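Take a look at the structure set out below.
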Amino acid sequence: MELTFTRLFEIVHFQNKHFPQKNSLGHRVNGEWVFYSTQEIIDLANNVSLGLLKLGLKPGDKISILSHENRPEWKIVEIGAHQVGVVTVPVYPTIAPSDYEYIFNDAEVQYAFVGPGDLADKVKATAPKVPSFKGLFTFEKTEGETFWEDIFEGGSLDEVEKLSANVDVHDLAVLIYTSGTTGLPKGVALSHNNIVSNIKGALPLFPLAPGDKALSFLPLCHIFECTVSNAYMGRGVNVGFTGVRNLGGDEGDIKSFKPHFFSTVPRLLEKVYEKIYNKGLDLTGLKKKLFFWALSRTDDYSFDKEYKGFDAIKNSIADKLIFSKWREALGGNMKGIVTGAAACPVKMAKVFSAAGIPVREGYGLTETSPALTINTFEKGGAMLGTVGPILKDVTIKIDSSDGDYKPGEGEILAKGPNIMQGYYKKPEKTAEVIDKDGWFHTGDVGKLVKGSNGREFLKITDRKKELLKTSGGKYVAPAPIENKFKEDFLIEQMMVVGEKQKFVSALIVPAAEALQDWCEDNGIECKIHPAPYNDTLFCISKDTLKNPKVLAKFQEIIDGFNPNFSHIEQIKKFDLLCDPWDVASGELTPTMKLKRRVIREKYQNIISDIYNV
């Protein structure tokens with residue numbers, strides 16, 4: 001079916017015309033899933049539009065939306081705003097107060113719509129420092145606050161329809177502030193056409209049908225989930241909104257909702273796999289042998305590989321005894337998972353896909369709305385170790401003119417209707433990334449490779465700005481090394497260091513619970529405690545990490561992985577760190593990317609000791 005919508009707010013009307021849904025958008029309330037129909041969403045969005053006009057908002061004015069968990073009200077407010085030309089500014093709930101102040105002032109936000117918890121207090125604390133700010137509304141009834149539905153206004157929709165008709169496809173729709181690894185956030189200005197063109201390029205590639213169910217838990221303030229959630233609506237998919245903390249367990253939202261599809265980041269897949277693996281370690285006897293035998297069947301997996309004869313029989317046994325239980329833990333209906341925002345370890349794509357849970361990796365940036373490439377689900381549409389074929393209407397060029405790159409490798413440049421309008425109020429910053437010929441410079445290094453069918457796939461080799469140069473003048477790409485080492489369950493996080501040094505080393509954060517299990521099996525006392533900044537993470541005692549047996553185990557892991565890399569890329573020394581890196585403690589961006597500069601500064605004494613010994 002032709003996707004005839006051209007502006008974001010038209011997508012819900014497209015759904016209503018072609019496949020109206022009883023359960024279009026919903027979330028869990030007091031343990032039960034509660035949904036809005038397509039028509040109810042339209043009616044509520046119209047009420048929001050009327051309410052925003054009553055508040056005095058005009059086309060081009062800004063409102064902000066914040067919530068710790070995704071919820072249907074977010075999308076309803078978004079639709080209501082966009083159809084009268086009001087720009088939405090989604091904001092991460094966990095950013096520092098100074099970032100709230102900067103973003104609200106830079107965007108000249110007038111009103112904020114917030115979820116429960118501490119968000120109303122955070123916004124109110126910021127408000128006196130933001131001259132443009134006029135008030136906030138809460139998505140849940142809260143004493144002393146104005147409920148979001150209180151802005152609803154009855155009456156004629158004539159003005160709404162008039163303003164909607166005048167919204168141009170190139171008008172600013174969403175202003176997303178990139179978290180960045182250094183400096184102040186930059187507002188990425190995205191038009192209706194930027195995001196809609198990306199939806200039209202990606203949606204036909206998803207294995208979804210009207211009435212299928214998709215779970216949305218990545219933050220809607222991130223462009224990945226912003227675009228994907230709109231794409232779901234364009235296919236008539238029923239969307240269940242939730243948060244990461246609500247996903248797992250027998251009572252979790254994945255098992256309760258039984259989704260056919262969701263988007264995620266690689267680290268969440270790794271967490272799921274670690275839990276599965278650790279359960280396997282807890283088994284005994286024949287059950288344990290069967291578990292790891294089935295797991296070993298995934299080692300030679302590749303997309304589209306056909307197994308015959310005895311191999312097919314063994315895979316069928318492994319599937320029935322082991323992998324079917326994995327699928328059941330994810331609700332039993334999974335057609336596919338798309339992962340992005342960070343590099344996905346090949347092992348994760350192989351293991352889940354071999355288990356009948358197809359995982360496909362895509363690539364893009366906030367500035368590209370976001371997708372540039374996506375590994376697809378049809379035969380010949382995916383290649384392990386790559387981020388997929390280039391999307392329709394997107395052009396990719398590999399620029400090898402600047403830097404010491406390997407043959408065929410260089411910075412990835414992109415063109416297309418999905419490329420941002422620019423950084424808000426920062427023409428000089430925009431000029432740094434979009435050249436005079438219109439090419440967007442991604443800052444990522446990669447190359448185009450051909451699959452068995454001759455189709456081209458993009459392979460990311462590193463971040464241009466993250467390449468480190470040894471004292472011998474050799475360039476080293478940290479990310480591939482880090483991703484490979486994190487395949488071991490004892491390594492939670494890792495950062496390669498060695499700028500202007502003779503060799504490369506690593507800062508390693510061990511996986512606390514996995515290390516505790518290993519220590520117990522090896523007669524070593526292991527003390528861990530919840531991190532003060534995130535009670536779902538655990539810190540490890542220094543005594544444990546200094547234990548000779550523990551150090552020897554990590555040296556063994558390093559010795560095992562080092563042969564995968566050239567001599568200059570091999571890890572010569574390492575240090576084990578007690579505290580996990582997190583958004584709250586400042587070492588990670590909200591999309592879980594390493595803030596390398598911050599980590600280097602925080603651990604500069606440890607890094608100095610590594611090279612001074």
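For reference, positions follow the sequence shown, starting with 1. Please read all numbers here as calculations on a predicted model, not as lab measurements.
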Next item on the list: Quick one: list whatever passes side chain to side chain donor-acceptor pair (under 3.5 Å) with Thr242, sequence neighbours left out.
Entry: Asn246, Asp253
Margin query: So Asp319 and Asn315, do their side chains get closer than 4.5 Å, heavy atoms only?
Written below: no
Notebook entry, point to check: Which heavy atom in Ala189 sits nearest to a heavy atom in Met420, and how many Å separate them?
Noted result: O-CB, 3.6 Å
Check: Does Asp99 have any side chain to side chain contact (heavy atoms under 4.5 Å, CB included) partners at least two apart in sequence or in another chain, and if so, which?
Finding: Ile95, Ala96, Pro185
Margin query: With a 4.5 Å cut-off on side-chain heavy atoms, are Asn375 and Phe457 touching?
Written below: yes
Check: Any chance the side chains of Ser229 and Lys75 put a donor and an acceptor closer than 3.5 Å?
Finding: yes
Notebook entry, point to check: When rounded to the nearest 0.5 angstrom, what is the spacing between CG in Leu507 and CG in Leu594?
Noted result: 10.0 Å
Margin query: Applying side chain to side chain donor-acceptor pair (under 3.5 Å), can you list everything that pairs with Thr298, at least two apart in sequence or on another chain?
Written below: none
Next item on the list: Tell me, with the steps shown, if Glu10 and Thr6 meet side-chain hydrogen bond (donor to acceptor under 3.5 Å, both in side chains).
Entry: CA-CA 7 Å; Glu10 292 176 321; Thr6 59; 3.1 Å; yes
Notebook entry, point to check: With sequence neighbours excluded, what pairs up with Phe9 under the ring pair (Phe, Tyr, Trp, His ring centres under 6.0 Å) test?
Noted result: His192
Next item on the list: Indicate the atoms forming the closest heavy-atom contact of Val497 with Leu468, along with that distance.
Entry: C-CD2, 4.0 Å
Check: Is the backbone N or O of Gly364 less than 3.5 Å from a side-chain atom of Thr368, with the two atoms forming a donor-acceptor pair by type?
Finding: no
Next item on the list: Using the six-membered ring wherever Trp is involved, compare the ring planes of Phe261 and Tyr232 and label them parallel, tilted or perpendicular (cut-offs 30° and 60°).
Entry: perpendicular
Checklist line | Donor + acceptor pair across side chains of Ser191, Asn194 (<3.5 Å) | finding: yes
Check: So Phe440 and Lys415, side-chain contact (heavy atoms from CB on, under 4.5 Å) or not? Walk me through it.
Finding: CA-CA 6 Å; Phe440 173 71; Lys415 269 187 181 181; over 6 Å; no
Check: What pairs with Arg267 under side chain to side chain donor-acceptor pair (under 3.5 Å), at least two apart in sequence or on another chain?
Finding: Glu270, Glu274, Glu492
Note to self: So for atom NZ, which belongs to Lys308, do other residues, nucleotides or ligands contribute more than 12 heavy atoms lying within a distance under 6.0 Å?
What the structure shows: no
Next item on the list: Using salt bridge (charged side-chain N to carboxylate O under 4.0 Å, His left out) as the criterion, list what pairs up with Arg245, not counting sequence neighbours.
Entry: Asp535
Next item on the list: Scan residues 374-384 for pairs that pass salt bridge (charged side-chain N to carboxylate O under 4.0 Å, His left out), counting only residues two or more places apart or in two chains.
Entry: Glu306-Lys379, Glu378-Arg455
Item checked: Other residues, nucleotides, ligands: >12 heavy atoms within 6.0 Å of Lys392 NZ -> no
Item checked: Distance (rounded to the nearest 0.5 Å) between Phe323 CZ and Arg327 CZ -> 9.0 Å
Would you list the atom pairs, donor with acceptor, under 3.5 Å between side chains in residues 205-221 and any protein atom, with sequence neighbours excluded?
from	atom 1	to	atom 2	distance (Å)
Asp212	OD2	Ala209	N	2.9
Asp212	OD2	Lys335	NZ	2.6
Lys213	NZ	Phe257	O	2.6
Ser216	OG	Asn70	ND2	3.1
Ser216	OG	Glu225	OE2	2.7

Note to self: Quick test of your reading: applying salt bridge (charged side-chain N to carboxylate O under 4.0 Å, His left out), list the pairs with at least one residue in residues 478-490, sequence neighbours left out, ordered by first then second residue.
What the structure shows: Glu482-Arg596, Lys484-Glu487
Margin query: If I take atom CZ from residue Phe14 and atom CD from residue Glu2, how far apart are they, to the nearest 0.5 angstrom?
Written below: 8.5 Å
Item checked: Sequence-distant partners of Lys429, side chain to side chain contact (heavy atoms under 4.5 Å, CB included), two or more places apart -> Lys186, Tyr423, Lys426, Glu432
Item checked: Interatomic spacing from CG in Leu413 to CD1 in Ile396 - rounded to 0.5 Å -> 8.0 Å
Margin query: Between Asp444 and Tyr363, is there a side-chain donor-acceptor contact under 3.5 Å, judged purely by atom types and distance?
Written below: yes
Checklist line | Nearest-0.5 Å distance, OG of residue Ser369 to CD1 of residue Ile199 | finding: 9.5 Å
Next item on the list: Could you tell me whether Glu587 and Lys602 have a side-chain N and a carboxylate O separated by less than 4.0 Å?
Entry: yes
Check: Nearest heavy-atom pair of Ala294 and Ala318: which atoms, and what distance?
Finding: CB-CB, 3.8 Å
Checklist line | Value rounded to 0.5 Å, distance of CD1 in Ile491 from CD1 in Ile508 | finding: 4.5 Å
Notebook entry, point to check: Going by an N to O cut-off under 4.0 Å, is there a salt bridge joining Arg297 and Asp311?
Noted result: yes
Next item on the list: Could you tell me whether the side chains of Glu361 and Thr339 share a donor-acceptor contact shorter than 3.5 Å?
Entry: no
Notebook entry, point to check: If you look at every heavy atom in Ser263 and Val228, which pair is closest and at what distance?
Noted result: OG-CG1, 4.0 Å
Item checked: Side-chain heavy-atom pair Leu391, Thr373 within 4.5 angstrom cut-off -> no
Item checked: Partners passing ring pair (Phe, Tyr, Trp, His ring centres under 6.0 Å) against Tyr424 (at least two apart in sequence or in another chain) -> none
Identify each donor-acceptor pair in which a side-chain atom of residues 348-360 lies under 3.5 Å from a protein atom, sequence neighbours left out, and give them as a table.
from	atom 1	to	atom 2	distance (Å)
Lys350	NZ	Asp299	O	2.5
Ser353	OG	Ala349	O	2.7
Ser353	OG	Val359	N	3.1
Arg360	NE	Thr376	O	2.9

Next item on the list: Search all heavy atoms of Trp74 against all heavy atoms of Pro90 and return the closest pair with its distance.
Entry: CZ2-CB, 3.6 Å
Margin query: If I compare all heavy atoms of Leu365 with all of Thr442, which pair ends up nearest, and what's the gap?
Written below: CD2-O, 3.7 Å
Next item on the list: Flag the pair Val445 / Ile398 as yes when at least one side-chain heavy-atom distance between them is below 4.5 Å, and no otherwise.
Entry: no
Notebook entry, point to check: Around Lys447, counting heavy atoms of other residues, nucleotides and ligands shown, do more than 12 lie under 6.0 Å from its NZ?
Noted result: no
